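Structure first, then comments.
Atoms within a ligand are numbered from 1 in the order they appear, just like the ligands themselves. For the numbers below, each heavy atom of this structure counts, side chains included, while hydrogens, waters and symmetry mates do not. These numbers come from a predicted model, not from an experiment.
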Amino acid sequence: MKLIERGDDLRGVLDEARADARSVGFVPTMGSFHAGHRSLMQAARAARHLVVVSVFVNPTQFEPGEDFERYPRDPERDAAICEAEGVDVLFAPAIDEMYGARPVVTVHVAELTEGLCGVSRPHHFHGVATVVTKLLALVGPCAAYFGRKDFQQLVVVRRLASELHLPVEVVGCPLVREPDGLAMSTRNAYLEPGQRRAATVIYRALRHGVDAVLEGQRDPATLRRLVAKAITVEPEVRLEYAEVVRAGDLGHLEVLEGDVLVAVAARVGPSRLIDNVTIEVHGDRVDYDLGVIAADPTTPAAGAGAPAATR
Ligand code: AMP
């Protein structure tokens with residue numbers, strides 16, 4: 001595996017690969033890998049000749065006062081995990097390499113970034129859109145792999161790629177969970193044991209919402225209320241939002257029909273956690289996707305495993 005820190009060096013390596021007609025799969029991350037990240041690497045590895053992973057804790061996607069400085073960083077462990085997953089290139093640029101001394105260009109995606117997490121994090125998705133555009137320009141991959149855990153981000157990046165006519169396939173990969181259902185997140189590391197236990201209420205609330213739809217609930221506002229209520233029974237978990245929207249464009253729903261996203265954000269201790277389930281409703285037929293339980297959440301070589309619940 002090559003560790004590359006400079007954009008020019010990366011371009012050289014990837015130009016060579018493309019000249020040999022080798023397809024490039026790209027996984028952008030902020031590092032401190034868990035099984036969710038590894039599942040993206042595995043998806044890229046299975047489908048592409050050359051796999052590039054970037055690790056860049058992007059300052060522009062943190063709101064003022066958020067955890068940019070203390071965000072976990074572990075470059076040695078990350079490199080070992082990339083090796084174990086058969087990654088070809090680990091790109092780990094410095095901030096200057098990505099932004100230069102005085103950046104004047106940003107990428108704004110309207111509408112899709114205004115609801116859900118955009119309400120409490122008004123700058124976040126512009127930072128994401130800007131850095132993802134820069135990374136896609138540097139790497140020039142055939143396909144880029146994103147987790148459905150950050151569902152709004154996935155919708156934003158899909159739209160960004162299609163509206164800017166970027167020649168890249170945006171692949172959405174399953175949300176990976178801990179054995180007790182908590183969505184894997186780098187920020188879970190901030191939780192104390194009691195908070196960590198309390199956080200599992202989020203997964204149970206989403207399952208509760210799915211059960212209601214399976215039992216015939218078709219009113220988005222009622223579904224939203226019952227998911228919210230199921231979370232607020234846990235005093236350690238402060239709900240930020242529970243929303244029920246169209247999965248494709250995060251738009252308003254009058255009735256539960258088609259592809260539906262139930263998305264939640266909550267604060268637990270020092271962490272802000274997000275989670276979601278997608279539900280496909282076609283009349284009486286209901287399919288849902290709560291993601292997968294990590295086969296082995298502790299060892300670096302293992303990846304995503306059994307479905308958390310999909311039918
Ligand atoms: P991050 O390093 O947190 O910025 O995430 C990098 C990529 O990993 C994004 O595409 C995330 O959606 C994805 N990711 C993070 N956590 C999970 C998870 N639990 N399951 C699946 N993908 C994830």
Side-chain angles (χ1 to χ4, degrees), residues 25-44 51-62 66-68 71-75 77-78 81-82 85 87 90-92 98 116-117 121 124-125 127-132 135-136 139 141 143-158 160-161 168-190 199-200 202-203 206 261 263-265 271-278 289-297 302-308 310:
F26 176 45
V27 181
T29 80
M30 299 209 298
S32 277
F33 295 145
H34 50 64
H37 296 111
R38 297 207 306 271
S39 71
L40 304 184
M41 297 175 202
Q42 289 158 12
V51 176
V52 180
V53 171
S54 65
V55 171
F56 181 63
V57 183
N58 174 35
T60 65
Q61 71 187 69
F62 289 77
E66 280 190 351
D67 54 344
F68 172 69
Y71 192 83
R73 292 161 171 88
D74 196 343
R77 179 173 173 276
D78 285 350
I81 289 173
C82 283
E85 295 296 354
V87 169
L90 172 55
F91 179 52
M98 292 305 293
L116 305 179
C117 290
R121 307 186 81 196
H124 170 71
F125 289 110
V128 169
T130 302
V131 82
V132 168
L135 287 165
L136 291 175
V139 177
Y145 297 79
F146 292 84
R148 291 166 65 95
K149 150 95 178 352
D150 300 272
F151 201 93
Q152 187 174 12
Q153 170 174 282
L154 176 62
V155 172
V156 167
V157 171
R158 274 196 204 290
L160 169 83
V168 61
E169 180 193 350
V170 175
V171 182
C173 298
L175 190 164
V176 180
R177 297 182 180 281
E178 300 279 358
D180 63 6
L182 181 65
M184 289 203 152
S185 164
T186 304
R187 291 185 169 103
N188 292 349
Y190 300 151
T200 59
I202 298 171
Y203 174 63
L206 291 173
L261 171 72
V264 302
S271 298
R272 181 180 178 280
L273 305 178
I274 57 171
D275 201 340
N276 70 80
V277 57
T278 48
D289 184 355
L290 274 161
V292 298
I293 301 283
D296 181 347
T310 308

Item checked: Lys/Arg-Asp/Glu bridge criterion (N-O < 4.0 Å) met for Arg121, Glu66 ->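 Salt bridge flag = yes for Glu66 with Arg121.
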Item checked: Salt-bridge contact Asp275-Arg177 (side-chain N to carboxylate O under 4.0 Å) -> yes
Check: atom 9 (C) of ligand 1: which of His34, Gln153, Met41, Lys149 has the nearest heavy atom?
Finding: Gln153
Next item on the list: May I ask you to list the atoms of ligand 1 that are less than 4.0 angstrom from any heavy atom of Met184?
Entry: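 Listed by number with element, the hits are 16 (N), 17 (C), 18 (C), 19 (N).
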Next item on the list: Check each atom of ligand 1 against the heavy atoms of Leu175 and keep those under 4.0 Å away; list them by number with element.
Entry: 20 (N), 21 (C)
Tell me, which protein residue and heavy-atom name are nearest [atom], and how many Å apart are they?
atom                    : value
atom 22 (N) of ligand 1 : Gly147 CA, 3.4 Å
atom 4 (O) of ligand 1  : Met30 CG, 3.6 Å
atom 20 (N) of ligand 1 : Val176 N, 2.8 Å
atom 13 (C) of ligand 1 : Leu40 CD1, 3.7 Å
atom 14 (N) of ligand 1 : Asp150 OD2, 4.1 Å
atom 1 (P) of ligand 1  : His37 NE2, 3.6 Å
atom 6 (C) of ligand 1  : Pro28 O, 3.5 Å

Check: Excluding sequence neighbours, so at least two apart, what forms side chain to side chain contact (heavy atoms under 4.5 Å, CB included) with Ala44?
Finding: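 Counting only residues at least two positions away or on another chain, Ala44 forms a side chain to side chain contact (heavy atoms under 4.5 Å, CB included) with Val27, Val51, Tyr145.
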Check: Can you tell me how far OG of Ser54 sits from CG of Leu90, rounded to the nearest 0.5 angstrom?
Finding: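 It is 8.5 Å, given to the nearest 0.5 Å.
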Next item on the list: Using only heavy-atom distances, determine whether the side chains of Arg148 and Thr278 contain a donor-acceptor pair under 3.5 Å.
Entry: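 Per modelled atom types, Arg148 and Thr278 side chains form a pair under 3.5 Å.
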Margin query: Applying salt bridge (charged side-chain N to carboxylate O under 4.0 Å, His left out), can you list everything that pairs with Asp180, at least two apart in sequence or on another chain?
Written below: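 Testing Asp180 for salt bridge (charged side-chain N to carboxylate O under 4.0 Å, His left out), a comparison that skips the adjacent residues, returns Arg196.
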Note to self: Heavy-atom distances under 4.0 Å decide this one: backbone, side chain, both or neither, for Pro174 against ligand 1?
What the structure shows: backbone
Margin query: Applying side chain to side chain contact (heavy atoms under 4.5 Å, CB included) to Cys117 and Gln153, what does each step give before you reach the verdict?
Written below: CA-CA 9 Å; Cys117 290; Gln153 170 174 282; over 6 Å; no
Next item on the list: Establish, yes or no, whether a centroid distance under 6.0 Å links the rings of Phe62 and Tyr71.
Entry: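 Yes.
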Margin query: Below 3.5 Å, N or O to N or O, backbone or side chain included: is there any such pair between Phe146 and ligand 1?
Written below: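 No, there is no polar N/O contact under 3.5 Å.
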